[in-house]
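First the proteins, then the strands, lettered A, B, ... as listed; each starts at 1.
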There are 2 protein chains.
Amino acid sequence: MTTCIKVKQPKTKYIDCDSCSMQPVCLPLKAGKTEISIMDSYLSKRNIVTISTPLFQEKEKADAIYAVCSGSFKLTETSPEGKEKVIGFRFPGELIGEDAIHTPNYNYNAVAVGNTTVCRVDLDELNECGKLMPELQLSLISLLSKQNSMLREEFTSVVAKHTAESLLAAFILNMLKRNAQYQETESKLHLPVGRDVIANHLGFRRETLSRIFSKFQQKGLLSIQAKDVEILDLPGLQDVAYN
Amino acid sequence: MTTCIKVKQPKTKYIDCDSCSMQPVCLPLKAGKTEISIMDSYLSKRNIVTISTPLFQEKEKADAIYAVCSGSFKLTETSPEGKEKVIGFRFPGELIGEDAIHTPNYNYNAVAVGNTTVCRVDLDELNECGKLMPELQLSLISLLSKQNSMLREEFTSVVAKHTAESLLAAFILNMLKRNAQYQETESKLHLPVGRDVIANHLGFRRETLSRIFSKFQQKGLLSIQAKDVEILDLPGLQDVAYN
DNA sequence: TATAAAGCTTGATTTAAATCAATAAAAAAA
DNA sequence: TTTTTTTATTGATTTAAATCAAGCTTTATA
C-alpha cells in the first residue's frame with residue numbers, strides 16, 4: 001500500500017501513486033504492474049509534495065534517490081564566497097540524488113521550484129529489495145542510463161558555445177526536448193524560474209538575457225510572455241544554437 | 001578465460017585482464033574475485049587496444065558499454081554544417097557508451113586519443129548474465145551512479161563560467177580531479193590533446209587559450225611545457241575558477 | 001484601489017574575447 | 001641534418017558582452 005508523507009511545509013497535498021500524473025515515470029521502478037503492491041510495501045516508495053523547500057542540501061547524508069513526478073527542481077551549489085550558483089534543473093521523469101548510491105553525502109542542493117511531487121526511494125530498502133527482485137535492478141539500471149544520457153546532452157548543450165545567443169538557444173532547445181517527454185506540446189515551453197535564475201545558470205547578466213530574448217523575438221524565432229515561451233521557428237533556433 | 005581482440009589498427013598489443021593496470025576499475029563488474037572466471041566466460045569482457053580509432057560512431061548500433069582502462073578518449077559530435085565539436089573526454093575508470101542500455105543507437109563519436117585499453121561489455125550478454133548474478137547488477141548500478149556524478153560535476157565545472165579564464169581554470173581542476181583517481185600525482189597533469197582540441201571543447205579560440213595559459217604562468221598559478229601542466233598554486237587556481 | 005516592491009527591458013559606456021595577421025617553436029619528413 | 005609542415009604564441013583591431021544607469025511592468029501588500 002502506498003504511503004504518502006508530508007514534509008517541512010504546511011499546505012501539503014497527499015497524492016497516491018494511482019492518481020499521480022507521472023505514473024509512467026515511476027513504472028520502471030515498479031517492474032511491471034503485477035508487482036506494484038509488493039514494491040509499495042517493500043520499497044517504501046512514497047509520493048512527497050514539497051513547496052519551495054529543499055529536497056536535500058549540501059553535505060547532508062545521502063540516503064535516498066528521488067524521481068521527479070511533477071513540477072521542477074533547481075540544483076544549486078554554494079561557492080566558497082557564499083554565492084549561489086544554479087547548476088541545473090530537473091523535470092518530471094528525471095532523477096535527483098542518484099549519486100547517493102556511491103556517495104555518503106550530497107554535494108549540491110535540490111530546491112523545489114513551486115509545488116512538486118517526487119518519489120523517494122530509500123537506499124537501504126532499495127538494497128534489501130534488489131536482492132529479492134532482479135527486475136527492480138534492471139529498471140534502476142535503465143533509469144540511471146537514461147539519466148546519464150540526459151546529463152551528457154545537457155552538458156553538450158552548454159559546452160563550446162562561444163556566444164551568449166547560441167548558449168541561450170541551445171538551453172531553450174534542451175529544455176524543450178526534456179519537456180517533450182512529459183508534455184504534448186512541442187512548441188511551447190514554460191520557464192520554471194525567472195530571468196535572474198536562468199542568467200545565473202547560463203553565466204551571463206540578466207540584461208544580456210533580456211536583450212537576446214528581445215532579439216529572438218525580433219527575428220521571429222519565438223515569442224515570450226512572462227515565463228511562457230512559444231517557439232515560432234525551430235530550424236532558425238537550431239541554426240543559432242549550432243554556431 | 002579472458003579473450004582479447006584486435007580492432008581496426010595494425011599495431012595492436014594484446015592485454016589480458018590479469019596484467020591490465022586498471023584492474024581496480026573493472027573489479028566492480030567482476031563482482032568479487034571468486035567469480036572472475038565465471039564472468040569472463042559469461043560476459044565476454046575483453047580488453048581491446050585501439051590506436052586513434054573510433055570506438056563507435058554516431059548512429060551506429062549501440063550494443064555495448066565500455067570502461068576505459070588506460071589512455072584517453074575524446075567524445076565528439078558532428079554539427080549539421082559538418083563541424084566537429086569536442087563534447088568531452090573520458091579517462092581510466094570512466095564509462096563510455098553507457099547510453100546503450102536504453103538507446104538503440106549511439107549519438108556521438110568516441111575516438112581514442114593515442115593508445116588506449118578498454119573493457120567491452122556486450123549488452124546481450126550483460127542482460128543474460130544479470131539474471132544469474134544480482135551482484136553484477138549491483139556493480140553496474142554503482143558504476144552508473146559514479147558516472148552520473150562525474151557527468152554532473154563536469155557539467156557544473158563548465159556552466160555559468162562567464163570569463164574564459166574561469167572556464168579554463170575550472171576545466172583544469174576538473175581534469176586534475178579525474179586524473180587523481182588513477183594517478184598519484186595531485187599537482188601534475190598531462191593534457192591528452194593539443195590546444196586546438198581543448199579550445200574547441202571549451203568554446204573559444206586557440207589564441208585566447210594561449211593567452212590565458214601565458215597569463216596563468218605569469219601569475220605563477222601553473223607552469224606548462226607542451227602538454228605537461230604542473231599546478232603551482234592550487235588555491236589561486238580555485239579562486240580564478242570560482243568567479 | 002493605491003502604493004510599494006520586485007522583476008524585466010532598454011540605452012550608453014567600458015571591458016573582454018574574437019578576428020586578422022604575423023612570428024616562433026616544435027614535430028615530421030626529406 | 002635541413003627543410004617542410006604543423007602547432008603554439010604574441011600583437012593590433014574589431015566585435016560582443018559586462019557594467020552602470022534609467023525606465024518600465026508586473027506582482028504583492030497596505
List in numerical order all residues of residues 189-201 of chain B for which some heavy atom is under 4.0 Å away from an atom belonging to DNA chain D. G194(B), R195(B), D196(B)
Bend across the helix from dT1(C)-dA30(D) to dA30(C)-dT1(D), to 10°, with axes taken over 5 pairs at each end? 40°
By salt bridge (Lys or Arg N to Asp or Glu O under 4.0 Å) - contacts of E154(B) (at least two apart): R90(B), R178(B)
Rounding to a whole Å, what distance do you find between R205(A):CZ and dA16(D):C1'? 15 Å
Nearest non-hydrogen partners of T78(B) and E58(B), listed with the distance: OG1-OE1, 2.8 Å
Using modelled atom types only, decide if a donor and an acceptor are shared between the side chain of S72(B) and the backbone of F91(B) within a distance under 3.5 Å. no
For the atom pair CD1 (I87(B)) and OG1 (T76(B)), what is the distance rounded to the nearest 0.5 Å? 7.0 Å
Run the side-chain donor-acceptor check on residues 222-232 of chain B: report pairs under 3.5 Å with partners two or more places apart or on a different chain.
unit_1  : atom_1 : unit_2  : atom_2 : d
D228(B) : OD1    : H190(B) : ND1    : 2.8

Those residues at least two apart in sequence (or on a different chain) that pass salt bridge (Lys or Arg N to Asp or Glu O under 4.0 Å) with K215(B) are E165(B)
Rounded to the nearest angstrom, tell me the gap between atom CD in Q217(B) and atom C1' in dA8(D). 12 Å
Which protein N or O atoms sit under 3.5 Å from an N or O of nucleotides 10-14 of chain D?
unit_1  : atom_1 : unit_2  : atom_2 : d
dT10(D) : OP2    : S214(B) : OG     : 2.4
dG11(D) : N7     : R211(B) : NH1    : 3.0
dG11(D) : O6     : R211(B) : NH2    : 3.2

Taking CG from L209(A) and C1' from dT19(D), how many angstroms apart are they, rounded to a whole number? 16 Å
Length of the line joining F204(A):CZ and dA16(D):C1', which is rounded to integer Å: 12 Å
Q217(A), CD: over 12 other non-hydrogen atoms inside 6.0 angstrom: yes
K227(B) atom NZ is separated from dT7(D) atom C1', nearest whole Å, by 10 Å
If only atom types and distance count, is the side chain of N179(B) paired as donor or acceptor with the main-chain N or O of L189(B) below 3.5 Å? no
Between the side chain of N200(B) and the main-chain N/O of V86(B), is any donor-acceptor distance below 3.5 Å? yes
With a sphere of 6.0 Å drawn around CZ of R195(B), does it hold more than 12 non-hydrogen atoms of other residues, nucleotides or ligands? yes
If the plane angle is over 60° it's perpendicular, under 30° parallel, otherwise tilted; pick one for Y106(A) and F56(A). parallel
I need the CD1-P distance between I224(A) and dT26(D), as an integer number of Å. 13 Å
When the distance from CD1 of I212(B) to C1' of dA17(C) is rounded to whole Å, what number comes out? 9 Å
Could you state the atom-to-atom distance from CG of D228(A) to C1' of dT26(D) in whole Å? 14 Å
